[in-house]
Amino acid sequence: MIGTRGVPAAYGGFETAVEEVGKRLVERGHGVTVYTRGSESRDREYLGMRVIHLPALHQKQLETLSHTGLSALHAVTRKAPDAAFVFNAANSPFVPLLRARGIPVALHMDGLEWKRSKWGARGRAYYRWAEEFGVRSADALIADAPGIADYYTEEFGVPTELIRYGAPILDSAPLDGIAELGLSAKGYHLVVARFEPENHVLEIIEGYRASNATTPLVVVGSAPYAADYTQRINAAAADDPRIRLLGGVFDQDLLDALYFHARTYVHGHSVGGTNPSLLRAMGAGTAVVAWDVNFNRETLADLGWFFEDAREIQRHFNDLEQDRTRVPALSAAVQKRATEHFRWDDVATAYENLAARIASGSSVHAAARRARRSGSTA
């Protein structure tokens with residue numbers, strides 16, 4: 001498994017998927033190697049997985065690419081694995097190197113990274129190019145949401161493997177951590193997001209501030225590369241005692257408790273596929289208010305409230321103050337959906353089956369190697 005921060009998972013969706021899938025494949029008798037960067041642990045094994053620690057350049061545009069390049073070089077100079085999973089379309093330039101060594105590659109395309117505002121014109125152009133190069137280079141393409149799969153079908157005319165993430169299911173969580181923060185069970189709305197414009201934290205705060213809500217709004221998150229946007233969020237939240245900006249929370253037990261005990265989870269993400277933060281809220285049995293985009297509606301199966309601007313979320317906050325029946329009903333419904341449709345065991349099986357297929361020679365490469373973007377404005 002190449003192209004992520006690796007294990008132990010302490011960052012995002014890719015890392016969680018690597019850990020959850022990898023440990024299950026080990027339990028099923030497979031040998032799993034995970035390339036890792038920046039981990040505080042230097043252990044060479046984790047949950048049965050072999051861990052290879054390699055450095056990276058600590059610069060936004062080059063961190064992932066530099067580490068993945070070293071990882072690919074390491075992989076091709078050792079005994080070849082039966083299959084490789086490369087995460088992030090940005091890492092597609094290294095796929096031919098692996099394939100030249102005889103290593104079949106499944107490339108996880110992630111969301112539509114080129115739409116993210118944190119990238120300048122050059123970054124967006126690179127992601128657009130890497131996306132197309134990945135389509136033409138890999139043996140299999142993984143999409144984590146139906147909307148992403150549809151995008152690759154419409155843009156390039158190539159099939160993808162739809163493999164979504166799993167949801168951690170929580171039936172309980174201690175109150176101690178949230179009590180220390182001055183919070184009570186079902187007594188706050190929760191936002192968990194990186195401070196990036198496409199996650200709409202600013203609109204959520206502006207809408208909340210304009211509402212007559214008395215239930216506090218708790219915001220977990222930060223942004224290492226978005227100082228201006230963070231300042232705008234801080235300014236919007238200033239002088240409103242109902243809004244609590246907690247910064248990053250890296251204690252997983254406390255984060256789980258925040259999800260579990262929230263009255264609602266407010267999800268402003270608009271770019272990407274199946275979002276792990278949304279799945280955590282669903283698995284915790286917390287009703288969701290989400291940005292109105294197809295990825296979120298697909299994940300929730302419309303079991304929630306949806307908004308497209310600050311004014312709409314303001315109305316939702318006002319209505320939620322009076323709600324006594326729909327919040328608990330949707331809380332139960334989203335947890336049931338997470339339990340039935342977002343199981344890590346099923347995700348691991350899909351990875352296992354895909355690895356077996358490409359290891360035995362199955363590949364879309366012959367059909368996709370001349371694929372070109374359709375020219376649509378998706």
In terms of side-chain heavy atoms, does E131 have a donor or acceptor partner in S92 at a distance below 3.5 Å? no

Using a distance-only test with no angle check, is there a side-chain donor-acceptor pair under 3.5 angstrom linking E203 and Y208? no

Give a yes or no on whether the ring-centroid distance for W291 and F306 is below 6.0 angstrom. no

Checking V34 against I52 for the side-chain contact (heavy atoms from CB on, under 4.5 Å) test, could you report, in this order, the C-alpha distance in whole Å, the side-chain angles of both residues, the deciding distance, and whether it holds? CA-CA 6 Å; V34 179; I52 306 295; over 6 Å; no

Looking at CG of D309 and CD1 of I204, how far apart are the two atoms once the value is rounded to the nearest 0.5 Å? 12.0 Å

So that I know where these two stand, are F85 and Y351 an aromatic pair - ring centroids less than 6.0 Å apart? yes

Can you list every pair that meets salt bridge (charged side-chain N to carboxylate O under 4.0 Å, His left out) and has a residue in residues 27-42, with sequence neighbours left out? R28-E352, R37-E63

I'd like to know if the side chain of D346 and the backbone of H341 have a donor-acceptor N/O pair within less than 3.5 Å. no

Please tell me if the side chains of L258 and I178 come closer than 4.5 Å, counting only heavy atoms from C-beta onward. yes

Does H200 reach the main-chain N or O of E198 with its side chain, forming a donor-acceptor pair under 3.5 Å? yes

Min side-chain heavy-atom separation V219-V192 under 4.5 Å: no

Please check this pair: side chain of T215 against backbone of Y188, looking for a donor-acceptor N/O pair closer than 3.5 Å. no

Looking at P159 and L141, what are the two nearest heavy atoms and their distance? O-CD1, 4.2 Å

Side-chain contact, heavy-atom cut-off 4.5 Å: W344 with V21? yes

Hphob cluster co-occupancy, V347 + I169, side-chain heavy atoms under 4.5 angstrom: no

State whether the side chain of S360 and the backbone N or O of A356 hold a donor-acceptor pair below 3.5 Å, judged by distance alone. yes

Nearest 0.5 Å please: distance from the OG1 atom of T349 over to the CG atom of L25. 8.5 Å

To the nearest 0.5 Å, atom CZ of F195 lies from atom OG1 of T230 at 6.0 Å

Contact summary for R99 and S363, nearest pair of heavy atoms: NH2-OG, 4.4 Å

Does R242 come within less than 4.0 Å of D240, counting only side-chain N to carboxylate O? yes

I'd like to know if D302 and R297 make a salt bridge, using a cut-off of under 4.0 Å between side-chain N and carboxylate O. yes

Can you tell me if T274 uses its side chain to pair, donor with acceptor, with the backbone of D144 under 3.5 Å? yes

Please determine whether residues L245 and V249 belong to a single hydrophobic cluster, defined as Ile, Leu, Val, Met, Phe, Trp and Tyr linked transitively by side-chain heavy-atom distances below 4.5 Å. yes

Any pair counted as salt bridge (charged side-chain N to carboxylate O under 4.0 Å, His left out), so long as it reaches residues 255-280, sequence neighbours left out: D256-R280

Is R244 atom CZ crowded by more than 12 heavy atoms from other residues, nucleotides or ligands, each under 6.0 Å away? yes

Let me see the working for T160 and I148 under side-chain contact (heavy atoms from CB on, under 4.5 Å), right down to the final yes or no. CA-CA 9 Å; T160 56; I148 299 295; over 6 Å; no

Looking at R337 and E340, does any basic side-chain N land under 4.0 Å from a carboxylate oxygen? no

Within this structure, what is the CE-OG distance for the pair M282 and S277, rounded to the nearest 0.5 Å? 12.5 Å

Does any part of the side chain of N91, heavy atoms only, come nearer than 4.5 Å to the side chain of L65, both counted from C-beta? yes

Determine whether Y152 and L107 fall in the same hydrophobic cluster, where Ile, Leu, Val, Met, Phe, Trp and Tyr are linked whenever their side-chain heavy atoms lie under 4.5 Å apart. yes

Could you tell me whether R128 and E132 make a salt bridge, using a distance below 4.0 angstrom between a side-chain N and a carboxylate O? no

Would D323 and D319 satisfy side-chain contact (heavy atoms from CB on, under 4.5 Å), going step by step from the backbone distance to the final call? CA-CA 6 Å; D323 186 284; D319 292 343; over 6 Å; no

Shortest non-hydrogen contact from G13 to P276? CA-CG, 3.3 Å

Identify the two heavy atoms, one from G3 and one from T64, that lie closest to each other, and give their separation to 0.1 Å. O-CG2, 4.0 Å

Can you name the nearest heavy-atom pair linking V201 to Y229, along with the distance? N-OH, 3.4 Å

Under the salt bridge (Lys or Arg N to Asp or Glu O under 4.0 Å) rule, what do K23 and E19 come out as? Steps first, then yes or no, please. CA-CA 6 Å; K23 70 182 183 182; E19 180 170 315; 5.1 Å; no

Please verify the inter-ring angle class for F14 with H108; under 30° counts as parallel, over 60° as perpendicular, anything in between as tilted. perpendicular

Step through the shown structure and confirm whether more than 12 heavy atoms of other residues, nucleotides or ligands are within 6.0 Å of CG on D82. no

Do K186 and F260 meet the cation-pi criteria used here (NZ or CZ under 6.0 Å from the six-membered ring centre, within 45° of the axis)? yes

V289 versus L320: any side-chain heavy-atom pair under 4.5 Å? yes

Do N353 side-chain atoms and A355 backbone N/O form a donor-acceptor pair below 3.5 Å? no

Could you state whether L181 and V220 fall into the same hydrophobic cluster, counting links through intermediate Ile, Leu, Val, Met, Phe, Trp or Tyr residues with side-chain heavy atoms under 4.5 angstrom apart? yes

Taking the side chain as C-beta and beyond, is there a heavy-atom pair between V51 and D43 under 4.5 Å? no

Test item: D139 side-chain N/O and A106 main-chain N/O as donor-acceptor pair under 3.5 Å: no

Tell me whether the guanidinium CZ or amine NZ of R315 lies under 6.0 angstrom from the six-membered ring centre of W305 and within 45° of its axis. no

dist L254:CG -> L246:CG (nearest 0.5 Å) comes out at 8.0 Å

All heavy atoms of S331 vs all of A287, minimum pair found to be OG-N, 3.2 Å

Same cluster or not: L170 versus Y265, using hydrophobic residues (I, L, V, M, F, W, Y) connected whenever any side-chain heavy atoms lie under 4.5 Å apart? no

Which of parallel (below 30°), tilted (30 to 60°) and perpendicular (above 60°) describes Y126 and W129? tilted

Kindly say whether N212 contributes a backbone atom to a donor-acceptor pair with the side chain of N318 at under 3.5 angstrom? yes

Give the intermediate values and the outcome of side-chain contact (heavy atoms from CB on, under 4.5 Å) for residues F342 and R164. CA-CA 7 Å; F342 297 96; R164 308 182 82 164; 3.6 Å; yes

Decide yes or no for Y46 and S41: does some side-chain heavy atom of the first lie under 4.5 Å from some side-chain heavy atom of the second? no

Only one of H74, H53, R50 passes side chain to side chain donor-acceptor pair (under 3.5 Å) with Y35; say which it is. H74

I'd like to know if the side chain of T286 and the backbone of Y259 have a donor-acceptor N/O pair within less than 3.5 Å. yes

Please confirm whether the backbone N or O of L97 pairs with a side-chain atom of R101, one donor and one acceptor, at under 3.5 Å? no

Give a yes or no on whether R311 atom CZ has more than 12 heavy-atom contacts from other residues, nucleotides or ligands under 6.0 Å away. no

Trace of the salt bridge (Lys or Arg N to Asp or Glu O under 4.0 Å) decision for R357 with E161: CA-CA 12 Å; R357 293 197 337 258; E161 306 285 334; 2.5 Å; yes

Do S71 and F94 have side chains that get closer than 4.5 Å, going by heavy atoms? no

